[in-house]
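Heads up: the structure comes next, in C-alpha cells.
For ligands, and for the atoms within them, numbers begin at 1 and follow the listed sequence. Note that the structure is predicted; figures quoted are calculated from it, not measured. Values below: all heavy atoms of this structure, side chains included; hydrogens, waters and symmetry mates excluded.
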Amino acid sequence: MKRKLLALVLAAGKGTRFKSDKIKVLHPMLGKSMVHLVVDCMFALRPETVYVVVGHQKEEVMQEEYSKPVEFIYQKKQMGTAHAVLAAKKIFRSHKEKDLLVINGDLTLIRPETLKSMIKQHQKDGNTMTFLSAEMDDPTGFGRVTYHKNGLIRIFEEKDSTPSQRRIKEVNVGVYLFKIESLLKALPEISNKNIKGEFYLTDIIEVMSKGDGRVGVCKVPVEQEIVGINDRYQLAKAVEILRQRKIMALAASGVTIYDPSTTWIDLDVKIGRDTVIYSSVVLEGKTKIGQGCQLYPFVHVRDSRIGHQAKILTSTMIEESTIERGAQVGPFTHLRPKSIVKAGAKIGNFVEMKNTVFGRGSKAGHLSYLGDCDIKDNVNIGAGTIACNYDGEKKHKTIIDEGAFIGSGTELVAPVKIGKDSYVGAGSTITKNVSPGALAVSRSKQVEKPGWGKKKRKK
Ligand code: UD1
Ligand code: CA
C-alpha cells in the first residue's frame, strides 16, 4: 500500500559563503527565491503537507508568496541538518505511519520526476530510508558516500574526510526519504562529534544501515540536476541551467526565440504561441505576453501584460503596465507603472508615460512626457508634448477627450481638460480647459525687426 507523504524543506541556515545580508535560500533565481523553487518542487509531489524549517531571517522566508499554504517550523539555533529535523519532532510524532521527504533548501534544480522515482523505489523495496546519490566529476563540497561490510553505508562530510575519501566521486545529494517511525527512533542517536560540532543528518544513514533498517540508495544521473549552490558563482551557473530550461519549454510551446544565449525570461512569465523574441530581451516577474507579438532587441518588460499581436520595438522598457491587442510601443519608449495603452494605439520614439490611460487608436509618436493623463480614443499627441503634472507638492491630472489634436511642443499644465475634437496650436502653454471643438493657442506674437541680422553681421 502506498504510504502517505510529508515534505520538509531545510531553510534555517545562513549560507555564509554568499557573503550577503540576505540568507542564501532567499536569493532569487529567475524571479523566484531558492526556497520558493524547492517548495514548488515539493508541491509537485503532492504531499499532505509541506513544512519549512526556518531560522535566520525567518520572517522573510515566511512572507514568500508560495503557491499553496506551507507550515513553518522554527529552529532557534542552527546546530546542523539533523538538529533541524529534530525541531519538527513533535509534529511528526502523530504521523508515524507516513513517509517524510527531507530536502536541503538549496536544491533548486532537482526535477519532481527524479524524486517521484525515488519515492517509488523506496516504497517498492520497503526501505526504512532512501537517499539520493550522484556521481560527480567534481565532488568538491559534497558529502562522500562510502560502502562497508555488512551493508553499512556512511557519509563523510568534506571537512571530516581523509584525502583518499575526498577522491570518491559518489556524493550525497541532500534528499532523504524516511519512514517517520524509524526516523524518530534514530534521530537521538546522532552526535555532534565532528569538525563542525554539528548534528549531521547524514549520520542517520550509518545508524539505520547498521541496525535492522533497510537503506536504499537512489542513484540519479547528474544531468544538471545536482548543483551545489554554496557561493554566488555556483548560483550563476545554476541560474544558467534554469534559464535554458525555461527557454526550451517556451520554444516547445511555439514561441520563437532568436537568440537563447542573450534572452532572459523569468520562470513565471507566460508567452503565447507565434510570438517572436529578438536578441537581448529581458522579461521579468509576472509578465504575460499574448500570441503573435513581436519583441525587438533590448526590450525589457517587468510585471506587465501585453495583448495579442502587439509590437514592442527596440530598446523599450515597460513596467507594471498593460498594452492591449495590436498596439505598438517603441523604439526607446519608457512605460512606467500603471500605464495602459489601449488596442491599436501607437507610442513612439522617446516617449515616457506614467499612470496614464492612452486610448484606442491614439498616437504619441515622439519625445513626450505623459504623466497622470487620461487620454481618450483617437487623440493625436504632437512631438514634444509635456504634461506638467507636478506642482512641486502634488500630482494633477490631464484629461484629453476623444479626437483632440495636440500640436507639437505643447505644455499642458495640470489639472486641465482638453475637450472633444478640439485643437491646441503648436507651442502652446495650456493652463485653462479647452472647450470641445475649439482651437486654443497661447503663444506670444511673433515680432520681426527688419535688417537686424545684416547689421549684426557687419559689426
Ligand atoms: C549537506 C550534507 C552533505 C551534502 C550537501 C549537499 C549534511 C551534514 N551534509 O552539506 O552531505 O553533500 O548538503 O548540498 O547534511 N540547515 C538548517 N539548519 C541547520 C543547518 C542547515 O536548516 O542547522 C539547512 C540549510 O539552510 C541548507 C541545508 O540545511 O538549506 C543544508 O545545509 P548546508 O549547510 O548547506 O549543508 P552542506 O554543508 O552543504
Ligand atoms: Ca549546501
Quick note on ligand 1: atoms under 4.0 Å from a heavy atom of Met79 include exactly 23 (O)

Would you mind checking if Arg144 and Glu170 are paired as a salt bridge, meaning a charged N to carboxylate O distance below 4.0 Å?
-> no

Are any of the N or O atoms of Ile155 closer than 3.5 Å to those of ligand 1?
-> no

Sole candidate of Lys14, Gln78, Lys24 that passes side chain to side chain donor-acceptor pair (under 3.5 Å) when paired with His56 | Gln78

Ile73, Asn104, Val61: member with heavy atom nearest to atom 31 (C) of ligand 1 | Asn104

So is Gln75 polar-close to ligand 1, meaning N/O to N/O under 3.5 Å?
-> yes

Set of residues satisfying side chain to side chain donor-acceptor pair (under 3.5 Å) with respect to Thr49, sequence neighbours excluded | none

Does any N/O atom on Lys77 come nearer than 3.5 Å to any N/O atom on ligand 1?
-> no

Element-labelled atoms of ligand 1 that are located less than 4.0 Å from some non-hydrogen atom of Gly143 = 3 (C), 4 (C), 11 (O), 12 (O)

Compute the shortest N/O to N/O distance between Asn172 and ligand 1 and return yes if it is under 3.5 Å, no if not.
-> yes

Polar side chain donor-acceptor pair, Asn150 to Lys210, under 3.5 angstrom | no

Counting heavy atoms under 4.0 Å, the part of Lys14 that contacts ligand 1 is neither

Test item: side-chain donor near acceptor, Thr81 and His83, under 3.5 Å | no

Can you measure from CD1 (Ile340) to OG1 (Thr356) and round to the nearest 0.5 angstrom?
-> 9.5 Å

Against heavy atoms of Val173, which atoms of ligand 1 measure under 4.0 Å?
-> 6 (C), 14 (O)

Taking N or O atoms only and a 3.5 Å limit, does Phe142 qualify as a polar contact for ligand 1?
-> no

Which option, Asn230, Ile23, Thr81, Leu10, owns the non-hydrogen atom nearest atom 27 (C) of ligand 1?
-> Leu10

Is the closest basic N to carboxylate O distance between Lys196 and Glu157 below 4.0 Å?
-> no

Using distance alone, determine whether Gly13 and ligand 1 share an N or O pair under 3.5 Å.
-> yes

What do you reckon, does Thr202 put a non-hydrogen atom under 4.0 Å from ligand 1?
-> yes

One should read off an interatomic distance between Leu37 CG and Glu64 CD, to the nearest 0.5 angstrom, of 9.5 Å

Numbered atoms of ligand 1 (with element) below 4.0 Å of Ala11, judged on heavy atoms | 22 (O), 26 (O)

Near Tyr200, which atoms of ligand 1 are under 4.0 Å from a heavy atom of that residue?
-> 8 (C)

Enumerate the residue pairs fulfilling ring pair (Phe, Tyr, Trp, His ring centres under 6.0 Å) with a member in residues 323-367, sequence neighbours excluded, ordered by first and then second residue.
-> Phe332-Phe350

For Thr130 and Gln121, does a side-chain donor sit closer than 3.5 Å to a side-chain acceptor?
-> no

Charged N to carboxylate O under 4.0 angstrom, Lys98 versus Glu48?
-> yes

Min heavy-atom dist Val9 to ligand 1 below 4.0 Å = no

Ignoring angles and geometry beyond distance, decide whether Leu201 reaches within less than 3.5 Å of ligand 1 through its nitrogen or oxygen atoms.
-> no

Report the member of Gly80, Ala84, Gly105 with the shortest heavy-atom distance to atom 23 (O) of ligand 1.
-> Gly80

